[in-house]
Amino acid sequence: MEYNFKDIEKKWQQRWRDEKIYEVKEDPSKKKYYVLNMFPYPSGAGLHVGHPLGYIASDIYARYKRLQGFNVLNPMGYDAYGLPAEQYAIQTGQHPAITTVTNISRYREQLDKIGFSFDWSREVRTCDPNYYHWTQWAFQQMFESFFCLNDQKAKPISELAAYFAQEGTKGVHASCSEELEFSASEWNAMTEKQQQETLMNYRIAYLGNTMVNWCPKLGTVLANDEVVDGVSERGGYPVIQKMMKQWCLRVSAYSQRLLDGLDSINWTSSLKETQRNWIGRSEGAELSFKVKDSDVEMTVFTTRADTVFGVTFMVLAPESELVAQLTTAEQKDEIDAYISATQKRTELERQTDKKVSGVFTGSYAINPLTQESIPVWVSDYVLAGYGTGAIMAVPAHDSRDYAFAKHFNLEIRPLIEGCDVSEESFDAKEGIMINSPIPSQVENAPLVLNGLTIKEAIEKTKQYIKESGLGDVKVNYRLRDAIFSRQRYWGEPFPVYYKDGMPYMLPEDKLPLELPEVDKFLPTEAGDPPLGRAKDWVTEEGYPLELNTMPGFAGSSAYYLRYMDPHNNQRLVGPEANAYWENVDLYVGGTEHATGHLIYARFWNKFLYDLGYTVKDEPFQKLVNQGMIQGRSNFVYRIKDTNTFVSLGLKDKYEVTPIHVDVNIVSNDQLDIEAFKAWRPEFNAAEFILEEGKYICGWAVEKMSKSMYNVVNPDFIIERYGADTLRMYEMFLGPVEQSKPWDTNGIDGVHRFVRKFWSLFFDRDGKTLVTNDQADKKELKVLHTLIKKVSRDIEEFSYNTSISAFMICVNELQKLDCHKQDILETLLVTLAPFAPHIAEELWHQLGKQTSVCDASWPAFNEEYLKEDNVTYSISFNGKSRFTLSFPVDTSKEEIERTVLAHESAQKWLEGKTVRKVIVVPKKIVNIVIG
RNA sequence: GGUCGAAUGGUGGAAUUGGUAGACACGAGGGACUUAAAAUCCCUUGGCCAGUGAUGGCUGUGCGGGUUCGAUUCCCGCUUCGACUACCA
């Protein structure tokens with residue numbers, strides 16, 4: 001037999017498929033293990049070598065767990081809704097469903113060639129009605145629920161309505177958009193519409209009038225995590241702020257639980273930290289300021305309660321409702337002009353242009369601690385969405401307030417002993433308080449902070465605020481509710497109709513509500529979303545259906561639950577399947593989803609958990625972030641105004657323009673000149689200045705993209721080296737978690753290993769070398785060294801070092817001329833997770849009838865690694881000088897004595913005194929001399 | 001600006017978490033086989049110095065300090081580069 005990877009891989013991929021070897025069923029007699037990859041969006045460009053990196057890593061783990069006897073669920077599917085297919089549809093008229101199916105089949109073809117152990121019978125596609133049925137269903141459940149803050153969990157909204165009928169809002173402690181107060185009789189007197197409007201304030205999925213990121217070019221709103229650097233993540237179009245009526249999910253209600261849950265899961269600390277920052281818990285105080293000559297009170301949130309004595313002005317966000325109430329007649333024109341100017345600015349302009357701007361409202365607030373009158377301003381540096389949309393400004397100790405005060409010449413009053421605020425504010429949270437209050441007022445002051453540290457002052461002030469009724473201690477979260485409507489076609493339709501201007505849920509037996517056909521994928525002339533073009537987009541009773549669709553994260557929030565029971569027509573997931581698979585044990589994917597998908601999915605899961613639809617509070621127990629694969633671009637250097645190209649080492653002698661060259665016609669940075677000439681017509685007659693007969697290209701690490709000609713297709717690698725080599729090389733490249741450029745240089749080394757492995761079984765002529773001899777101690781030691789190393793490395797996801805271990809092992813066995821069946825059999829099992837095709841082929845060549853996937857991971861036996869003698873490195877003052885061997889159980893004292901008496905030691909000890917001898921077991925003897 | 005991480009040969013990267021730095025691989029150089037090439041195999045390969053030579057010495061993990069018998073690893077201070085986030089009060 002010759003190693004013909006093409007035939008072998010094709011054959012086994014077919015057999016695995018025919019024999020359904022990777023299909024799993026719930027099996028209570030076995031322990032489960034659930035491995036999951038973040039499912040891909042099937043883009044038109046297909047896979048490049050970077051995409052499968054995480055899939056390979058998790059596949060190795062899944063196969064390893066299976067060999068250990070676990071019942072492993074390793075599914076795959078597609079996140080099939082998305083903007084690119086829709087943009088393509090707008091341009092070409094091609095229905096996004098068609099584009100999506102084409103792209104999926106191309107993805108599948110590419111994935112199949114790599115030899116994954118996916119159970120494709122469980123495939124899900126978010127755009128499949130059988131799947132989005134449950135996305136719609138979950139949305140309805142959220143509509144029918146509210147979040148009870150006392151119990152920190154979701155409950156049916158009907159309970160809340162019943163409570164209102166009995167007690168009104170008294171004692172209600174629920175997440176809401178706006179704190180309401182009414183009595184039971186007031187509730188009972190409401191019309192149905194009024195009651196519905198009131199309940200909307202509490203629902204977890206609610207229709208709210210909110211400030212949204214509107215992208216005019218895409219014609220849709222975007223979630224915060226879909227806006228990057230002030231422009232849309234997809235397409236890079238400008239984004240502006242706009243008030244719109246939108247479906248929202250009350251994610252913020254779960255802030256504390258999302259934060260607490262992080263402690264119970266095994267994610268990297270950096271990812272947890274990212275989520276903590278995104279949730280942004282901050283403890284502080286809410287404090288009310290009365291407005292002079294008015295009944296209006298301004299409430300502000302601050303984490304620096306200690307600085308109340310330094311408040312010299314107040315600022316409202318332009319969008320704040322208080323602006324209208326506080327603007328005096330004289331200031332109205334100026335304020336109106338300012339507000340409309342801010343509204344017109346795009347998110348990007350707001351971010352890049354940080355010029356200080358603002359307008360005085362004409363009103364004054366009263367500092368509750370000093371009774372001073374302080375001016376109230378409006379400025380866009382205050383955000384409407386955080387805290388109360390109003391702040392107390394302490395210019396001496398906040399750099400933003402400081403810049404504002406300097407610009408408008410407002411008072412800056414330092415509160416910390418010895419701080420200098422002539423040039424900049426003193427933001428640090430350490431020091432001793434002064435001027436709190438100013439000395440002349442100390443006598444009558446209700447609160448004195450002078451002399452306290454900042455920390456003490458914060459505590460004391462909070463206490464005072466609470467006791468005096470000026471405000472309350474408050475925890476604020478940065479995490480906002482998720483905007484859930486998109487003015488798009490290619491997404492899940494909402495199972496919602498409108499009656500009397502109020503939304504109602506379709507009855508459950510009408511689910512799934514399928515996406516209708518439209519003539520064009522553009523908004524209507526009236527400005528309605530594309531669904532406005534659908535004919536008969538009404539219920540059977542004639543009520544209009546919702547025109548928005550759901551965002552991308554809707555379908556990806558509970559897909560891992562659906563994989564457990566993908567064909568269940570009654571439920572998202574049946575209780576038996578859920579009880580067995582529980583949650584994902586290992587989730588592999590990129591960090592780019594840290595603040596999007598990974599927050600939404602946790603929220604979604606916690607919600608379903610509250611309602612009893614899933615058994616685990618957290619969806620993803622362990623999470624590994626695979627690094628991004630960057631491109632490694634190659635360049636040729638054209639001498640200016642010629643068609644002559646000069647090799648890298650000589651380019652400095654000329655004036656040259658670097659030009660990207662296709663990395664696929666470059667090998668080890670050496671250009672294939674003939675391929676280059678054929679690459680593009682204008683290079684046909686190109687001439688070259690070579691170094692030592694070679695044209696050497698320059699290189700740089702860039703994003704992998706078509707325009708840089710650095711895209712490497714896995715099909716191309718598989719064609720040349722085979723899937724097993726691709727799999728191993730991707731892992732050999734470096735740690736899975738690390739981002740690194742793809743560099744095909746070096747793949748030969750791994751390919752050489754695979755062929756060497758084969759040559760343990762067959763000689764050059766294809767004759768078998770396998771013998772039935774008993775393995776000897778040396779050989780068993782080589783084998784068990786490998787088992788020990790690989791077992792540990794796999795657990796730690798350190799695949800690159802496992803592969804090194806395989807290379808060493810095969811070299812050793814070759815040196816020992818070992819071809820013994822029992823050694824080779826075990827070796828095959830350990831290799832199977834990494835290179836399943838060759839392992840399976842050789843396994844059958846050894847006469848096995850069942851798949852190597854169903855073998856058992858070898859137990860590692862310490863006995864074989866035991867040595868008779870141990871070599872110690874003998875050092876003097878930490879410098880290693882010579883080595884000595886001792887029987888394994890020699891005592892420390894014995895070693896010490898022998899070493900000091902040894903003739904080589906005498907040379908180093910000459911004229912010196914021995915101060916100390918340190919014996920490190922099995923390693924080192926260090927002799928301290930002086 | 002904030003948070004987190006990283007820095008080791010020509011290159012990708014190892015180092016049992018305080019114990020012989022540079023495993024493994026690529027590349028490069030030399031050699032064997034071959035008419036030749038491919039393939040395969042063997043040797044050398046951090047730097048500097050000495051020696052015909054086996055070998056020996058010094059130096060070396062971004063920079064500067066510290067702790068320690070001993071530091072790539074721990075502590076303090078810098079420099080540079082990434083990732084995430086960004087007027088969050």
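Throughout, a chain's letter reflects where its sequence line sits, starting with A, and its residues are numbered from 1. From a predicted model like this one, the values you see are computed outputs, not experimental measurements.
For A:Lys916 and A:Asn926, the side-chain atoms include no donor-acceptor pair closer than 3.5 Å.
With a 3.5 Å limit on both pairing distances and Watson-Crick or G-U wobble geometry required, the stems of 3 or more pairs in RNA chain B span B:1-7 with B:79-85, B:10-12 with B:24-26, B:27-32 with B:40-45, B:46-50 with B:55-59, B:62-66 with B:74-78.
Taking the six-membered ring where the residue is Trp, the centroids of A:Phe834 and A:Phe806 are separated by under 6.0 Å.
Relative to the side chain of A:Leu383, the nucleotides B:C41, B:A89, B:U85 differ in distance, and B:A89 lies closest.
Between B:A89 and A:Tyr381, no contact under 4.0 Å exists linking OP1 or OP2 to a side-chain N or O.
In this view, A:Arg720 and A:Phe716 satisfy the side chain to side chain contact (heavy atoms under 4.5 Å, CB included) rule, not counting sequence neighbours. Considering only residues two or more places apart in sequence or on other chains, A:Glu737 meets the salt bridge (Lys or Arg N to Asp or Glu O under 4.0 Å) condition with none of them. Scored by the salt bridge (Lys or Arg N to Asp or Glu O under 4.0 Å) test, A:Arg632 finds A:Asp669, A:Asp743 as partners (sequence neighbours excluded). Checked against salt bridge (Lys or Arg N to Asp or Glu O under 4.0 Å), A:Asp263 has the following partners two or more places apart in sequence or in another chain: A:Arg276. Scored by the salt bridge (Lys or Arg N to Asp or Glu O under 4.0 Å) test, A:Glu411 finds A:Arg413 as partners (sequence neighbours excluded).
If you take atom C1' in B:G62 and the same atom in B:U72, they sit 12 Å apart, rounded to whole Å. Between B:U20 and B:G60, the distance separating the two C1' atoms is 15 Å to the nearest Å. B:U17 and B:C74 have their P atoms separated by 13 Å, with the value rounded to a whole Å. As rounded to the nearest Å, B:U68 and B:C84 have P atoms that lie 42 Å from one another. With both ends at atom P, the span from B:A83 to B:G19 equals 32 Å, rounded to whole Å. Here the separation of B:U11 from B:G22, taken at their C1' atoms, is 13 Å to the nearest Å. Comparing the P positions of B:C24 and B:U61 gives an interatomic distance of 22 Å, to the nearest angstrom. A gap of 13 Å separates the C1' atoms of B:G13 and B:A21, to the nearest Å.
Between A:Pro375 and A:Leu410, the shortest heavy-atom contact is CG-CD2, 4.4 Å.
The shortest side-chain heavy-atom distance between A:Met731 and A:Ile56 falls under the 4.5 Å cut-off. Side chains of A:Phe426 and A:Tyr402 form no contact here, defined as non-hydrogen atoms less than 4.5 Å apart. A:Lys406 is listed as a side-chain neighbour of A:Ile412, based on a closest heavy-atom distance under 4.5 Å. Side-chain contact between A:Ser357 and A:Tyr338 is present, with heavy atoms from C-beta onward closer than 4.5 Å. At least one side-chain heavy atom of A:Thr785 sits less than 4.5 Å from a side-chain heavy atom of A:Leu865. Between A:Ile416 and A:Val421 the shortest side-chain heavy-atom distance does not fall below 4.5 Å.
Between the CG atom of A:Leu316 and the P atom of B:A89 there is a distance of 18 Å, given to the nearest Å. Computed from coordinates, the A:Asp398 CG to B:G2 P distance equals 14 Å when rounded to whole Å. One can place CD of A:Glu2 at 13 Å from P of B:U40, the figure rounded to the nearest angstrom. Spacing between atom NE2 of A:His751 and atom C1' of B:U40 amounts to 13 Å, rounded to whole angstrom units. The distance from atom CD of A:Glu424 to atom P of B:G1 is 11 Å, rounded to the nearest whole Å. Put simply, OH on A:Tyr386 is 14 Å from P on B:A86, counting in whole angstrom units. Here the P atom of nucleotide B:G13 and the CE atom of A:Met728 are 18 Å apart, to the nearest Å. With rounding to whole Å, A:Glu730 atom CD is found 16 Å from B:A25 atom C1'.
Residue A:Lys756 is in sugar-phosphate contact alone, with no base atom involved, counting any heavy-atom pair closer than 4.0 Å across all strands shown.
A heavy atom closer than 4.0 Å to some atom of RNA chain B occurs in A:Pro735, A:Gln738, A:Lys740, these being the qualifying members of residues 735-743 of chain A.
Around CZ of A:Arg881, the count of heavy atoms belonging to other residues, nucleotides or ligands within 6.0 Å exceeds 12. Residue-environment remark: CD (A:Glu424) stays at or below the threshold of 12 foreign heavy atoms within 6.0 Å. Within a 6.0 Å sphere centred on CD of A:Glu423, heavy atoms belonging to other residues, nucleotides or ligands number 12 at most.
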Walk along nucleotides 15-24 of chain B from 5' to 3' and tag each nucleotide B, S or - by protein heavy-atom contact under 4.0 Å, base first, then sugar-phosphate. -B--BS--BB

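Each of A:Arg755 and A:Gly280 was assigned the nucleotide of RNA chain B with the nearest heavy atom; the assignment lying further toward the 5' end belongs to A:Arg755.
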Using the 3.5 Å cut-off, write out each protein N or O paired with an N or O of nucleotides 56-60 of chain B and the distance between them.
none

What pairs of nitrogen or oxygen atoms, one from the protein and one from nucleotides 3-9 of chain B, lie under 3.5 Å apart?
none

Collect all protein-nucleotide pairs involving nucleotides 26-33 of chain B in which both atoms are nitrogen or oxygen and the distance is under 3.5 Å.
{"unit_1": "B:C26", "atom_1": "OP1", "unit_2": "A:Arg752", "atom_2": "NH1", "d": "2.6"}

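In textbook terms, a nucleotide whose glycosidic angle is within 90° of 0 is syn, and B:G9 is one such case. Glycosidic conformation of B:U17 is syn; the angle stays within 90° of 0.
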Under the criterion side-chain contact (heavy atoms from CB on, under 4.5 Å), I'd like the reasoning laid out for A:Arg792 against A:Phe860: C-alpha separation, chi angles, the key distance, then a yes or no. CA-CA 11 Å; A:Arg792 198 178 54 211; A:Phe860 146 68; over 6 Å; no

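Note that A:Arg602 lies outside the cation-pi zone of A:Trp278, set by a 6.0 Å cut-off to the ring centre and a 45° limit from the axis.
The side chain to side chain donor-acceptor pair (under 3.5 Å) analysis of residues 301-310 of chain A, with sequence neighbours excluded, yields the pairs A:Arg304-A:Asp306.
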